[in-house]
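Everything below concerns the one structure shown next.
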Amino acid sequence: MLSDELAANVRGKLGPGQAPAKVHVIPNFVDVEAIVDGPRDNAYRAEHGLEGRTVVMYAGNVGLSQSLDLFVHAARTLQHQRPDVVFVINGDGSARAALEADAAGLPNIRFIGYQPKERLAEVLAAADLHVVPLRKGLAHSSVPSKLYSILAAARPLLASVDQGTEVARTVEAAGAGLAVPPDDRDAFVAGLQQLLADPQALVERGRSGRRFVQSWASPAAVAVAYSQLFETVVAAR
């Protein structure tokens, strides 16, 4: 399983004689050789006029599962308090048109389409802070792959997710940012303000996240976890 929540769900469905202890959690791996701690001032920033700005980014599917209304609200709230900050939504999806309409006239928010896969590391590196917003209830059954990619890129993040779920626990364990309750505008803005208040601490949080993901979800770490599992299965026979 990919998370403790999914493992608990499977264990709850086991019938008589089926051992819950046989359900194990091993995360998907992220390629920490392809996604690295790259320079912020890169070609992506230059192409989109982001040089010299503090970039808060959401990168991924722009759908109904992501509470990106929080993102637009934060841009509207902080446009005068933090004129140095620009909010970037990099992606496409069914909710994008409505979000663009809501954000019309805001000078501090940009919508940028999906980039080629080979530019993933560059896009992630261009942000000073990433956000992972999931609507209430969804973090119990979902671990976005972007979570590990952000950590591999050595970038901090603000997660707006159900408390105590895999995403929230990972952010805390990695020391990579903050997790706030889902669909809570005030908590989301407060979390952004707290993180953005200390740029050097942001950098350190990003580095901490990369160290964590290298030990937990790198190809080498996942291979060790599978090897240990196989050894346990063989020994039990």
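Values in this document were obtained by computation on a predicted structure and should not be read as measured data.
Listed for the R207 side chain is no donor-acceptor partner under 3.5 Å among the backbone atoms of L202. Put simply, the side chain of R76 never gets that close to the backbone of L106: no donor and acceptor are under 3.5 Å apart. Under the 3.5 Å distance criterion, the side-chain polar atoms of Q163 are matched with a main-chain donor or acceptor of V161. Looking only at distances, no side-chain donor or acceptor of D69 sits under 3.5 Å from a matching main-chain atom of V72. Judged by distance alone, the side chain of H130 and the main-chain N or O of L124 form a donor-acceptor pair under 3.5 Å. R135 contributes no side-chain N or O that, together with a main-chain N or O of S65, makes up a donor-acceptor pair within less than 3.5 Å. Using modelled atom types, one side-chain atom of Y58 and one backbone atom of N61 make a donor-acceptor pair closer than 3.5 Å.
Contact annotation: the side chain of I35 never approaches that of Y148 to less than 4.5 Å [non-hydrogen atoms, C-beta and beyond]. Contact check for L157 versus V171: side-chain heavy atoms found under the 4.5 Å cut-off. With contacts defined as side-chain heavy-atom distances shorter than 4.5 Å, the pair P144/V167 qualifies. With a 4.5 Å cut-off on side-chain heavy atoms, H48 and I112 count as touching.
For the 3.5 Å distance criterion, the side chains of Q115 and E122 fail to qualify, holding no donor opposite an acceptor. Side-chain contact of T54 with D128: a donor-acceptor pair under 3.5 Å is absent, judged by distance alone.
Between the OG1 atom in T165 and the CG atom in L134 there is a gap of 8.0 Å [rounded to 0.5 Å]. Going from atom CD of E51 over to atom CG of N42 covers 9.5 Å, rounded to the nearest 0.5 Å. Separation of atoms CD (Q193) and OG1 (T77) is listed at 8.0 Å; rounding is to 0.5 Å.
Linking Ile, Leu, Val, Met, Phe, Trp and Tyr whenever their side-chain heavy atoms come within less than 4.5 Å leaves V88 and V85 in two separate clusters. A continuous path of ILVMFWY side-chain contacts below 4.5 Å connects I109 to V62, so both sit in one hydrophobic cluster. There is no path of hydrophobic side-chain contacts, each under 4.5 Å, that joins V203 to L158. No path of Ile, Leu, Val, Met, Phe, Trp and Tyr side chains, each step under 4.5 Å between heavy atoms, connects Y114 with L50, placing them in separate hydrophobic clusters. Residues I150 and V86 do not share a hydrophobic cluster, clusters being chains of Ile/Leu/Val/Met/Phe/Trp/Tyr side chains in contact below 4.5 Å.
Identified under the ring-ring contact (aromatic ring centres under 6.0 Å, His included) test for residues 75-100, with sequence neighbours left out: F71-F87. Sequence neighbours left out, the pairs with a member in residues 88-97 that pass side-chain hydrogen bond (donor to acceptor under 3.5 Å, both in side chains) are Y44-N90, D92-R96, R96-E100. Listed by first then second residue, pairs satisfying salt bridge (charged side-chain N to carboxylate O under 4.0 Å, His left out) with a partner in residues 143-162 read D37-R155, not counting sequence neighbours.
Residues P199 and A197 approach most closely at CD-O, 3.7 Å, considering heavy atoms. Here the closest non-hydrogen pair linking G63 and A95 is O-CB, 3.6 Å. Counting all heavy atoms, side chain and backbone alike, A121 lies closest to A34 at CB-O, 3.6 Å.
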Going through the distances and angles, do V55 and L129 end up as a side-chain contact (heavy atoms from CB on, under 4.5 Å)?
CA-CA 7 Å; V55 175; L129 175 65; over 6 Å; no

Yes or no on side-chain contact (heavy atoms from CB on, under 4.5 Å) for V131 and M57, after CA distance, side-chain angles and deciding distance?
CA-CA 6 Å; V131 299; M57 180 182 289; over 6 Å; no

Should V56 and L196 be marked as a side-chain contact (heavy atoms from CB on, under 4.5 Å) after you check the CA-CA gap, both sets of side-chain angles, and the distance that decides it?
CA-CA 9 Å; V56 178; L196 293 172; 4.2 Å; yes

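Judged as a side chain to side chain contact (heavy atoms under 4.5 Å, CB included), and not counting sequence neighbours, the contacts of S208 are R211. Residues forming a salt bridge (Lys or Arg N to Asp or Glu O under 4.0 Å) with R210 (at least two apart in sequence, or on another chain): none.
Ionic pairing of R119 and E47 is present here: one or more N-O contacts between side-chain nitrogen and carboxylate oxygen are shorter than 4.0 angstrom. Taking a cutoff of 4.0 Å between a charged side-chain nitrogen and a carboxylate oxygen, D198 and R205 do not qualify as a salt bridge. The pair E172-R169 fails the salt-bridge criterion, with no side-chain N (NZ, NE, NH1 or NH2) lying under 4.0 Å from an Asp/Glu carboxylate O.
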Solution key, residues 177-192 side-chain donor-acceptor pairs under 3.5 Å, sequence neighbours excluded:
| residue | atom | partner | partner atom | Å |
| --- | --- | --- | --- | --- |
| D183 | OD2 | K136 | N | 3.0 |
| D184 | OD1 | D186 | N | 3.2 |
| D184 | OD1 | A187 | N | 3.0 |

